[in-house]
Chemist: 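Below: one structure in structure tokens.
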Amino acid sequence: MNARAMEASSSSKVTVEYHDPSGVFPLISREIAGRLPLRNLNWQSPSRPLRQIRQLHVDFVPDKFTETALRPPIQRFDSNGPTSVEIVRSGRRDAVKERRHQIPGLKTSPYLKLYVLRCDDKDTYKDTERKRIREWLRDSTQAESSTGDNHDAFEWLILHVVVPGTTAASEPRWRESVKEPDELKERKTSNVKFPGKPPRTVFDRLRADFNDSGKAGVDRVAQIRLLKQNMPPDLLPTPTVAETLEETTQERELSWKDLLDKLKVLILGPFDARVRQYEVDIAEQESRRSLPGWNFCTFFIHKEGLAKALESIGLVEDALALYDELSLGLETAVREIASGQADGTATSFAAYTNDIVDRILGFSKATMNGAMKRDSNGLQHSSGAGLFSKDYREEIVRSNISVFDFFCYLFIRQKALILRLANTAAANAELGAARSSDSSEDLVLISEVCWRASSFIPNSARSLRQELQSMPKSTEKALNSHDVDAITYSWIYLVAGYILSETIAPVLDLVQLDSNSKPLVNGTSPQRSDFSFAMGASPYPERSSSLAVRQSAPDLHRPSVAMSEESAGTITGSEIDLGTKAAGIPGLPELATYRAELVVMQRKMLEDLAQHRGWLAGWAAVEHSKPRLEDVELDASNNDERAESAGGIQATPETEPIKSASIALVPPSLATALESEQAFQSAFERLSDQAMRYYAVATQSKSVDLIIGDLALLKRQQGDTVTAEDYIRHLLPSFEADTWSSTEAELLLVYISCLEELQRHLEHLEAVLKLLSKVAKKRMVHTSFVTQIYDDFDVSGVLQKAIDISAAHSIQLDCRLEDFFGDVQFDEHIVHHDDMDGFTLRLRLRHVLDDAVEVEEVAASLVAAQDPAQVIMLRCARSVVVRPGLVDVNLDCSTSALGPFLLGSLKLKARGLTFVKDFQPSKAPTVLVNGNGIGSPAPVRNEPLQSSVFLYPSESSFNLQAELVRDIRLDKPRHLLLTLSSGRNEVEGVDLRIKPTSAGLRLHLADADLEGIVLSGGGGKPGQLAMSSLSAGQSALITIPYTVDQATPDISMRFEVHYRTPKGPFTYLTSTVLRHELPLDVEVNERFRMKYLTSSFTLRTLRPAPLLVLDTHLRESMAYTVEASSVPSASSTITETMPARLRYKIFRKAPSSGKMIKRNASLALDVKYVSFVDLIATTVRESFAEFLNASGCRPLRHLLCPIMDQKVWGLLHAPHVELSAVSQQLRMPSFQEFGWNNIIDTLPPGAKPDVEACLQKWHSEHITIATATEGALTEKVARCVTIAVDVPTVDIVFNASMIVQDKGYIDVPGQKILILGTPVTAEISVRHTFDWSASSVFGSKQLDSKTSFVIEIQADREAWLVGGRRRARVTLDMDNTVLGIVLVPLRLGTLALPHVTVQAQAPTTNEGGSQEAKAMTLRDQVLRDRAQLPSRLLSPDEDTRPYQLATSH
Amino acid sequence: MSRSPSVACIGVIGRNNNPLHIALFPATGQGHEQHRDKLEYSFMLNSCLDIFEARMPSKTVGHDFGLLHALDERIAMYGWLTNTGVKLVIVVDMEGRTAPTPEAGKTAILGLRNSDLAPAFQALQTAYIRLLRNPFYVPDEHDPKLHKGRGSLQITSPRFINEVDRIGKAWLPGMTAI
């Protein structure tokens, strides 16, 4: 007997027993089956909330009489309705099988007894049938209900089957009159029998006879009319007795509904009674729990009875809850016994399961057909069901079940219930019902089964192992420990497989290997529309279905094919698809996960079994191939337990293959997988693949990766290196993304070995370097402050190997230096070479790897802090052997420069490998929005700031000084003066490059003037001067003219001097900023006279700082002579507010023969001046230099002097300078204020104290520095600027003079004072000269003498009253024009003289018209008021006070 | 000789699924010494992160993730999640040590109860909180998202490591506090 079949029929259905004396039941059975299961029953029990039973499966079973007596008709019944036949058969079989038991709940007594009546007319009824029914009622009902308990409570029902063509068929049941279908009513019957008027129909009579009268009466009579076409002809009465009353469809439905309603009511009634009975039983048991003699098994039987009752009625959840309680109860009971606290109980369990070995190994006679049918998934080759084919309840009743079996039983029951709840295909098949298409499987519940299994299996496996170990050795063939292992593992394997086969869901078929080709099962095939999410809930982009189908076929053969697509991550295209779908179906991810866990469990068992045979696969294989050393070496301080464990490793016997003993103890399904190593590997691969796919569905990427890693290692083990490499290559990114460095490193090790085997050198090299960098990084972190290194790798020899690979295959590869070397540091100070220019800088780095390797080239670059374009290269002269630990390398440089330099880059080259570190921070572009940077927040920089090195030339090195030539001619290009000093170098050739760094500066190198050195080889390329030798200790001067395109205060340029000496080439770098702008400004004002003109010059400073003008001199030219009329004394100080004024008289020279050119005519003003800033700076510098030369710091003067210079320049702000200019002394800041410490820090440690002491001494001696404005120093600093002064030319100069003739004025010595209101006679004479005209000076065209002018005298009407001739017309040939006027002063004070205006009149001839037209004004002269006199007028002397007339061109 | 459960491995895993600390505890007892392979346990801890992730959305209350995954009859992983997303994983070896009493050996077969590991997790969490209160421990320095390119992000505090070690060795099923 199939245990499963028994369980199914007994526990999950309600049994209805029918009594069918006429053999008509088969006629209706098919129709009944079609209307089953009963739906939507509502059950309310006082102790529980209202329960709705959605489906109630009913099993119709013939009673004994029917079984025996009326078999032939059933057989004869032609069946194209197998369902009913099956029901009948299975029911019959069960009925035979049914045992009676003392303890209730273990048998399936019917809830309802059905009398199937065929009664064709009233007469038959009256004669025989009524009596038979009464007899049946008496026999069946009263006998059993007499016992008083309600364990087997039941109800009964009479079903009247009306055969067409009989009298009964002609009897109406439904009210005829009403035509409206909705109002279809049953014909009114009355239970009240009217005397003498018998009921009209058989049905009425039945009801009258058997239904209880009264309010509480239950209607126990139903009627079904058979349809003629459904009747086998031999059952029809021949001839037809009466006309059949055809029922309408409506009526038929109504009568069926009537029957089903009655079934529901009559089933629920006894069910309720039974549940109460069970509850009473359980309560009674519960109350006895603490009393001695309580037995859990007994309690279990009672409680399970209730559970089964609930289950049978369809309340599966309630049943499951009961089983869960039982399971907990069992655990408690077992725990109590185990902990020895169960003294008083009578609960007892068998010490071991006697038949379990046989069941596992498949020796039992249990059939396996139940599970074998599900082998199509390719997973399950064995029967799990056989493991549970046992009559557990028997042993429970006897209280002799083993704990292991007990748990198994409970699990199996729970599993069955959940699967039924989940509406799985398997559970539905057991119920005999076709899967309803409207409700699909509940994957959440299915996954619950898997989840329960995954915790049940390990726990029970422990029980199993325990029981196996405690088995008496004598009973069977002795089990050694390996057998125990093997059996336990096998059991786990089989159960996991069994659960997997039970919980297979069609949706998951998608991940089955062969599922893509075949259509999915009826209607549950997931439609694409099911997976369209609302509002982008999908984590993956959707794909069109056709694409997915096309892709998935190849994918599923080998995951790597899909992985090599460009899709990110390792999940294949189809897996992504599945993942997408999985997200759409509730429970699918869970189900996939738990199934995957079960598969992994199976795989683990397989591995464990194989390990006995010495076979390993996946990561485990890697582990065992590796010698374990590091743990032993670990620090002894940790504790002795490690040492103990290390000892344990050596004693571990697991690696020893045990071949012979345990092979027999493996079930046949596993035996095939363990036949050979190949078989094992393929089984391993199959399971891994399966698990991986499940994990992929559940989007558990880490687990997927892990399994792919296993597969890769398996491939590697099998020698399929190409595939293994392919797998790992796709795994690495995700491993790298995680920070699980130990796993990543392991994987890399395997990858490296694959690549090495595949001879893919470049990738091999890259992988090796990646591994090394991982290890190095880890070690670098740890070496800093933690001594203990966790998960370290032994990488000795690997770096050398990497270098060898690069050399052998000539691969050039750049790597990040900081990945391999730690603590890269440069000294902060340089050390100058003793005998030549240049310096040495020490580099220190930490080599954390294990190999000493030879590095051929070590090079570094320094970048000027101010000017990133200035780069200095340093390199190590010879190859260096880098040993583990700190390494010092001296880097040499042949360049001299001054100033702070930042580290640019560092490069280590070992054969093909170049380790590069770039110190310059990469300037990542940041997006600014509203002034705030967005994007990544500023990274936390823990790296120290860029370290800088201060470079300076040594004392006796090559040097270059740049300054401006002190003599400046404003009309000529300015000049730059470069001083090259060779120092100690025997220079063989110099190559000077000058790069202007300020805008608009042009250097005219071609016009350079050299002194002390000569050009060589044509002077070199553009922008460059190539010069010849310069012997040691010599200087050379180079003067270079330059121009600027725009007014600029400063010019700056960079010098790069490459010079060759017998010791090799050297470079000198410097840059300079020179003040181009002149500090002074000159204004000229001219006044023409007849014989001479006066030029007054105003010298101003352009800057706030004062200037000392030492000397001024106006040089005469070929056309003019100069006479100083008012020149200040030598060395006067001018400031912004105190300009210097110079006045010169300029006379015409006698016109020389020959043509005068304009340049020769112009005068030149020489101004010799000293800027106080220069003066002070130079004074300080000289003083400092003198001090240094005398002190021990002389070697550093090329460092200290420029710094002093720079600092002093910084000090010289205008007020400061003005003060020093006045007080002629400068107050120096103190040593601290000066900031020397920053400089001293950059010096070698040995030199620091001396330098500091020296500098402090200087500062203490020089609190103030006197700045004398006279002396040699002043002369040295003085500059001379030559300004060309053009003497303006005017065509004609008129001179008006006034002579007061009468004595109308008071003659005070030196002054003539007019009297208010008193007229004086004056004579105005106007003369003119051509001497200042261009024609006169340069001999160009002369003005036409015919031009006439109008002279007019005008005066302020309020000041003067002018009488006499005020206008005159003159021509140029007239020498002198005299106008006599009378002047009356009208106002007190100093009055301006009247104006004389001279206006040219256009010549009548119109000759050269426009050129001649000139306006002339007589400039007035204001006389100063000296005395409080009424009026005065100083009449200018003709000679000394000319009235000036200027032409205005 | 009956066996009882012991801690095989304690994993402290950071918010971004980076391992902060992994402590291994070899099986002890005469004839049962078993080395715990670092790599194997790393893989185990790594793959159980998937389970954390999968259960996170449905988990609303509480830290205790309970049984994550039973690998076989001996090894099972239990999880715990702190408020800051740090995951604590304890791998239990059901036969990791010699049973102190025969009864303990018998109950061990039945497996662990849910509450058995709670004290261990609580002790670990306390240790971690104490670590966080250490001013020299900057959690961001152990976060791969904030700290790219550095070597190891593991916790190096000896005090924490010793505490984890102590917890791992001290735990027994049925303890109420460690």
Side-chain angles (χ1 to χ4, degrees), chain A residues 331 334-335 338-340 454-455 457-459 461-463 465-466 488 492 589-590 593 597 600-601 604-605 608 619-620 622-623 628 631 641-642 644-649 651-652 695 698 700-703 706 738-743 746 774 776-782 786 788 790-791 940, chain B residues 2 14 16-19 22 25-28 31-40 42-43 45-51 53-54 67 69-76 94-95 102-111 140-141 144 146-154 156 158 161 165 169:
Chain A
E331 199 187 316
V334 174
R335 223 175 254 280
S339 56
S454 69
S455 59
I457 292 173
N459 279 339
R462 276 194 301 278
S463 304
R465 180 185 290 271
Q466 161 81 18
T488 314
I492 294 175
E590 287 84 356
T593 309
E597 282 177 9
V600 168
M601 200 180 274
K604 180 91 166 51
M605 293 308 117
D608 285 346
W619 282 111
V622 175
E623 277 321 287
R628 314 208 60 85
D631 288 290
E641 210 169 301
R642 276 183 188 277
E644 191 187 321
S645 74
I649 297 158
T652 307
Y695 275 132
Q700 302 212 340
S701 56
K702 292 187 192 323
S703 309
L706 181 55
D738 287 343
T739 43
W740 294 72
S741 41
S742 58
T743 53
E746 287 285 354
K774 298 277 168 205
K777 265 188 197 170
K778 184 160 286 188
R779 289 186 186 178
M780 275 183 251
V781 170
H782 283 297
V786 177
Q788 198 176 3
Y790 297 94
D791 38 74
V940 187
Chain B
S2 52
N16 292 314
N17 290 344
N18 52 311
I22 298 175
F25 303 91
T28 55
H32 291 275
E33 294 92 346
Q34 192 182 354
H35 170 77
R36 311 275 186 213
D37 181 62
K38 170 101 187 186
L39 182 66
E40 185 189 344
S42 289
F43 277 133
L45 294 177
N46 192 358
S47 64
C48 81
L49 294 174
D50 278 337
I51 305 172
E53 219 149 273
L67 176 66
H69 184 187
L71 221 63
D72 55 16
E73 73 205 75
R74 284 184 65 170
I75 304 294
M94 293 304 292
E95 298 172 20
E103 287 80 22
K106 280 182 197 154
T107 40
I109 293 163
L110 293 168
D140 284 353
E141 284 179 2
L146 299 173
H147 245 247
K148 285 224 154 55
R150 292 287 295 275
S152 172
L153 301 169
Q154 301 203 343
T156 49
I161 292 168
D165 199 51
K169 283 175 184 155

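A, B, ... follow the sequence lines: proteins, then strands. Residue 1 opens every chain.
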Chemist: Using a cut-off of under 4.5 Å for heavy-atom pairs, which of B/Glu53, B/Met94, B/Glu95, B/Arg74 has the most such pairs with chain A?
Modeler: B/Met94
Chemist: How long is the span from the OG1 atom in A/Thr488 to the CD atom in B/Glu73, to the nearest 0.5 Å?
Modeler: 5.5 Å
Chemist: Using side-chain heavy atoms (C-beta onward) and a distance below 4.5 Å, is A/Leu706 in contact with A/Tyr695?
Modeler: no
Chemist: Looking at chain B, which one of A/Met601, A/Met605, A/Gln466, A/Arg465 has the largest number of heavy-atom pairs inside 4.5 Å, strictly under?
Modeler: A/Arg465
Chemist: Just verifying a value: how many Å separate B/Arg36 CZ and B/Phe25 CZ, rounded to the nearest 0.5 Å?
Modeler: 10.0 Å
Chemist: Nearest 0.5 Å, please: how far is OG in A/Ser703 from CG in B/Asn46?
Modeler: 8.0 Å
Chemist: What's the spacing between A/Ile492 CD1 and A/Ile457 CD1 if we round to 0.5 Å?
Modeler: 7.5 Å
Chemist: Against chain A, work out which of B/Asp50, B/Leu45, B/Leu67 has the most heavy-atom pairs shorter than 4.5 Å and name it.
Modeler: B/Asp50
Chemist: Side chain, backbone, both or neither: which part of A/Ser463 has an atom under 4.5 Å from a heavy atom of chain B?
Modeler: both
Chemist: So which of A/Glu597, A/Glu331, A/Lys604, A/Glu590 has the largest heavy-atom pair count under 4.5 angstrom toward chain B?
Modeler: A/Glu597
